[in-house]
Structure formats: structure tokens, C-alpha cells
Amino acid sequence: MLKGNLIVKNAAEIVTPLGSKASFGKEMGNLNIIKNGTVVIRNGIIEKVGTTEEILNAYNEEDFQVIDAEGKAILPGFVDSHTHFVFGGYRAEEFSWRLSGVSYMEIMNRGGGIVNSVRGTRDASEEELYNLGKERLNSMLSFGVTTVEGKSGYGLDLDTELKQLKVMDKLNEEHPVDICKTFLGAHAVPAEYKGRTQEYIDFMLEEVLPKVAKENLADFCDVFCEKGVFSVEESREILLKAKELGMKLKLHADEIVQLGGAELAAELGAVSADHLLHASDKGIEDMAKAGVVSTLLPTTAFCLKEPYARGRFMIDNGCAVALATDFNPGSGFTNSIPLMFALATIYMNMSIEEAITAMTLNGAAAIGRADSIGSIEEGKKADLVILKYPSYKFLPYHTGVNIVEKTIKDGVVVMSNQ
Ligand code: NIG
Ligand code: FE
């Protein structure tokens with residue numbers, strides 16, 4: 001990808017968390033704010049951040065492309081650290097059933113849900129998945145997302161799992177958004193293994209996971225740990241094997257019922273535990289102690305009409321909370337950052353500052369990349385968002401509306417919404 005030499009000057013404010021690790025508890029509310037700020041970028045890396053006055057005296061603008069950001073706020077590019085964006089087929093019909101009162105798990109038990117998307121994804125060619133993925137990444141970019149995590153898990157057989165991961169590899173090479181890949185072979189038991197969960201796990205552990213690890217096809221391994229899907233014991237077995245193969249761990253935990261997923265993530269030293277709608281007090285305490293990032297996905301709770309995860313309680317109890325969209329064809333077919341931001345601040349009682357940390361530095365930490373992205377600091381990648389308004393406080397205030405004017409990736413303007 002192209003790396004830019006760019007000066008973004010005169011910004012009304014540069015707003016960012018600081019650091020190269022997740023931010024925990026009350027610290028999440030601490031943002032560094034530089035009024036009338038300028039960022040200098042060389043070869044796609046942030047070289048200098050400060051007030052316009054101090055910086056422009058030291059640099060010759062002629063050596064750079066220059067953007068005047070007068071009247072606009074600048075933030076780090078958003079990190080959407082939990083999505084399932086490579087899939088074939090849609091489930092609009094299922095959504096309408098949910099509106100009339102049928103639950104997500106009931107639909108799954110009737111042979112719909114994830115296995116419905118498995119059919120669509122197995123049927124789609126690599127090229128179709130690539131084109132769909134590209135369109136979805138473009139939409140993310142327009143919301144200011146510069147790095148995204150994407151999961152397999154709509155294949156549930158060797159070829160299709162690898163197909164999803166390879167499509168992400170190709171998109172990562174050819175599209176400006178950076179992609180972190182997660183293997184989610186344990187997303188559901190496919191129809192051909194119905195009633196034979198352990199055999200399916202054995203197949204994953206003996207034939208698929210080793211290949212994924214050996215060919216370096218995924219950075220993380222994830223499991224849908226849920227009543228009626230994979231139990232805590234089964235999830236432990238899968239994740240221990242992944243760990244043994246050198247992969248980092250994630251977990252879909254305590255989404256529909258309280259199963260002990262948060263506790264398991266802490267026990268295994270997972271990088272993140274995600275969803276957590278029903279995480280127990282003990283699970284929350286364990287995550288905080290073990291340094292597991294608690295990734296909350298409010299748009300999914302919203303679409304499922306489920307209660308939101310206890311973000312406020314988690315932060316008050318020392319957790320590092322990240323926010324992500326969970327963009328997927330079933331439980332939440334939305335990659336809307338503005339909707340997520342509104343739900344987190346209005347309904348989960350996170351402060352605006354905490355929500356920003358959750359979408360930037362802690363999102364980066366949730367995919368193990370806080371040392372290179374997630375904040376506007378010297379030495380980090382120049383992934384930035386320029387808002388249309390002078391203050392970050394417009395993010396929840398202009399409710400549900402996209403106020404990103406430009407997205408900058410590696411110092412290059414890759415998207416302009418005007
Ligand atoms: O994160 N919960 C499991 N996986 C996804 C939903 C996948 C789907 O419904 O297709 C989630 O909510
Ligand atoms: Fe998910």
C-alpha cells in the first residue's frame with residue numbers, strides 16, 4: 001500500500017488516547033487533546049504531533065502534501081475489532097421472523113442462522129466473496145474504520161474456511177483497510193455433523209486448525225461458546241489446541257446465556273472476550289485481573305433486542321473495554337459506527353471519551369496491535385479520521401449520522417465523504 005508524506009494542519013483539536021497497550025478502567029476516560037493541532041506524517045508514519053505553531057516553524061510545507069483541517073477535529077482511525085464481513089447470501093427473512101418474536105436461538109435450532117450463511121458462503125466463488133468484501137470494506141472506510149478484524153466460520157469445512165481466510169488475505173493486500181484474520185471454525189456444528197459435535201471438533205483440531213496455523217492463515221482462533229453451540233469444556237479444548245499451535249485467542253462469550261465464557265477467556269489468557277451480555281461479576285473481575293480486553297458489541301444487542309452488556313460496570317471494575325460492530329449477516333447486519341457510538345454512550349453509560357478509547361486504542365489492543373495503531377502518536381501508523389465538526393463531542397450528539405469527512409490510511413487520503 002502507498003505510504004504518504006502529509007501534513008494535516010490547523011485542526012480545531014487532535015483527540016487521542018495515549019499508549020501502546022490497552023487502557024483499563026477509569027483511565028479509559030483520559031484523552032490527550034491538542035487545540036489548534038498539526039500532525040506531520042512521513043512514509044505513512046506519524047513523525048510529529050503538536051500545536052500548529054510549534055510544528056510549522058520546524059517543517060517546510062513544500063516537502064509534503066498539506067491538508068488544512070481548520071474547524072475540524074482529528075481522531076485516530078477506528079479499529080473494528082470484531083466482524084464477520086466475508087460471507088455469501090443474506091438472512092433478511094430471518095430478521096423479519098425475529099421482529100415477530102422468534103428468537104435467534106430458535107431460528108438456529110430450526111436449521112437457520114449461521115448454517116444458513118454457511119450454505120451461501122460455500123456456494124459463493126472466491127471472486128464473489130472478494131467483491132462483496134471489497135464493497136463492505138469501502139463502506140467501513142467511509143465510517144472512518146482503518147483496521148478491521150474478520151472471521152472465518154461460514155465455511156465449517158476445510159475448503160470454505162480456507163477460502164474465507166484467503167479472500168481476506170487478498171483484500172488485505174489490495175484494499176487500504178488493514179485486516180486482522182481470525183479462524184472461527186467452531187462457529188456452529190454444520191448440518192453434516194448434526195448430533196456429532198465431538199467428531200466435528202476432532203475434524204477441526206486434526207485437519208483444519210493445523211493447516212491454518214502452519215500456513216499462517218489467521219492471527220487468532222475464536223469459538224462461539226454458547227449453550228447449544230460449544231460448551232465451556234469444548235471451547236477450552238479447541239482454544240488450548242490453538243494456543244499450542246501458536247495462535248492468539250478470542251472468544252464469543254456469554255452472549256445469550258451466562259455460561260462462564262468470560263472466566264474461560266481469563267483462564268486461558270485470551271486477548272479478548274467478546275459480547276459479554278451476560279458475563280458474571282466474577283467473570284468481569286477475572287477479565288480485569290488477567291488483562292483480557294472486554295469487547296462489547298452494542299449493535300448486536302440492539303438488533304437482537306437483548307439487554308446491553310454492562311460496559312459501565314466493567315469500566316468501573318477495571319476492565320479494558322473495546323467497542324466493535326460484529327458486522328455479520330445474522331445477529332447484526334450493520335457496520336454502522338455512528339449507531340454503535342450512540343448506543344454505547346446513550347444506553348451503556350460510557351462517556352464519550354471512554355467510547356473513543358474503546359474504538360481506537362482498546363480496539364487495537366483487542367487484535368494485538370496497540371503498539372502500531374490506535375492513537376495519534378509519534379512512531380505509529382498515520383491512520384486518521386478528520387471529522388466534519390470542530391469537536392469529538394459531535395460524535396454521539398449528531399446521533400446516528402456519519403460525520404467523518406476524510407479517512408487517512410498510512411498518510412494517504414483514501415476516502416472523502418464530501
Ligand atoms: O457474533 N454469535 C455468533 N456469531 C455471530 C453471529 C453470526 C450469525 O448470526 O451469522 C455473532 O453474533
Ligand atoms: Fe461475532
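Indexing begins at 1, ligand by ligand and atom by atom, following the structure's order.
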Per-atom contacts, ligand 1 versus His82 - under 4.0 Å to a heavy atom: 1 (O)

Geometry at the Fe ion (ligand 2) - His252 NE2 versus Asp326 OD1 angle, rounded to 10 degrees: 170°

Presence of salt bridge, Glu161 and Lys163, under 4.0 angstrom: no

Whether Asp219 side chain and Lys181 backbone form a donor-acceptor pair below 3.5 Å: yes

Spacing of Lys248 atom NZ and Asp222 atom CG [to the nearest 0.5 Å]: 13.5 Å

Which segment of Tyr104 sits under 4.0 Å of ligand 1 when only heavy atoms are counted: side chain

Closest protein heavy atom to atom 2 (N) of ligand 1, given as residue, atom name and distance to 0.1 Å: Glu255 OE1, 2.7 Å

Heteroatom distance test (Ser117, ligand 1): nitrogen or oxygen, under 3.5 angstrom: no

Atoms of ligand 1, numbered as shown, that sit under 4.0 Å from any heavy atom of Tyr154: 7 (C), 8 (C), 10 (O)

Part of His275 within contact of ligand 1 (heavy atoms, under 4.0 Å): side chain

Rounded distance (nearest 0.5 Å) linking atom CG of Asp383 with atom OG of Ser372: 8.5 Å

Cation-pi geometry met for Arg196 and Phe203 (6.0 Å, 45°): no

Which atom of Arg312 lies closest to which atom of Asn349, heavy atoms considered: NH1-O, 2.9 Å

For atom 4 (N) of ligand 1, the protein heavy atom that lies nearest, with its residue and separation: His187 NE2, 2.8 Å

Pair Glu70 + Lys9: basic N to acidic O under 4.0 Å: no

Shortest protein heavy-atom distance from atom 12 (O) of ligand 1, along with the residue and atom involved: Ser331 OG, 2.6 Å

Residue Phe224 vicinity, atoms of ligand 1 by number, heavy atom under 4.0 Å: 2 (N), 3 (C)

Distance filter under 4.0 Å to Asp326 heavy atoms, resulting ligand 1 atoms: 1 (O), 11 (C), 12 (O)

Any donor-acceptor pair under 3.5 Å from Glu377 side chain to Gly19 backbone: yes

Numbering as shown, the atoms of ligand 1 that approach Gly330 to under 4.0 Å (heavy-atom distance): 9 (O), 10 (O)

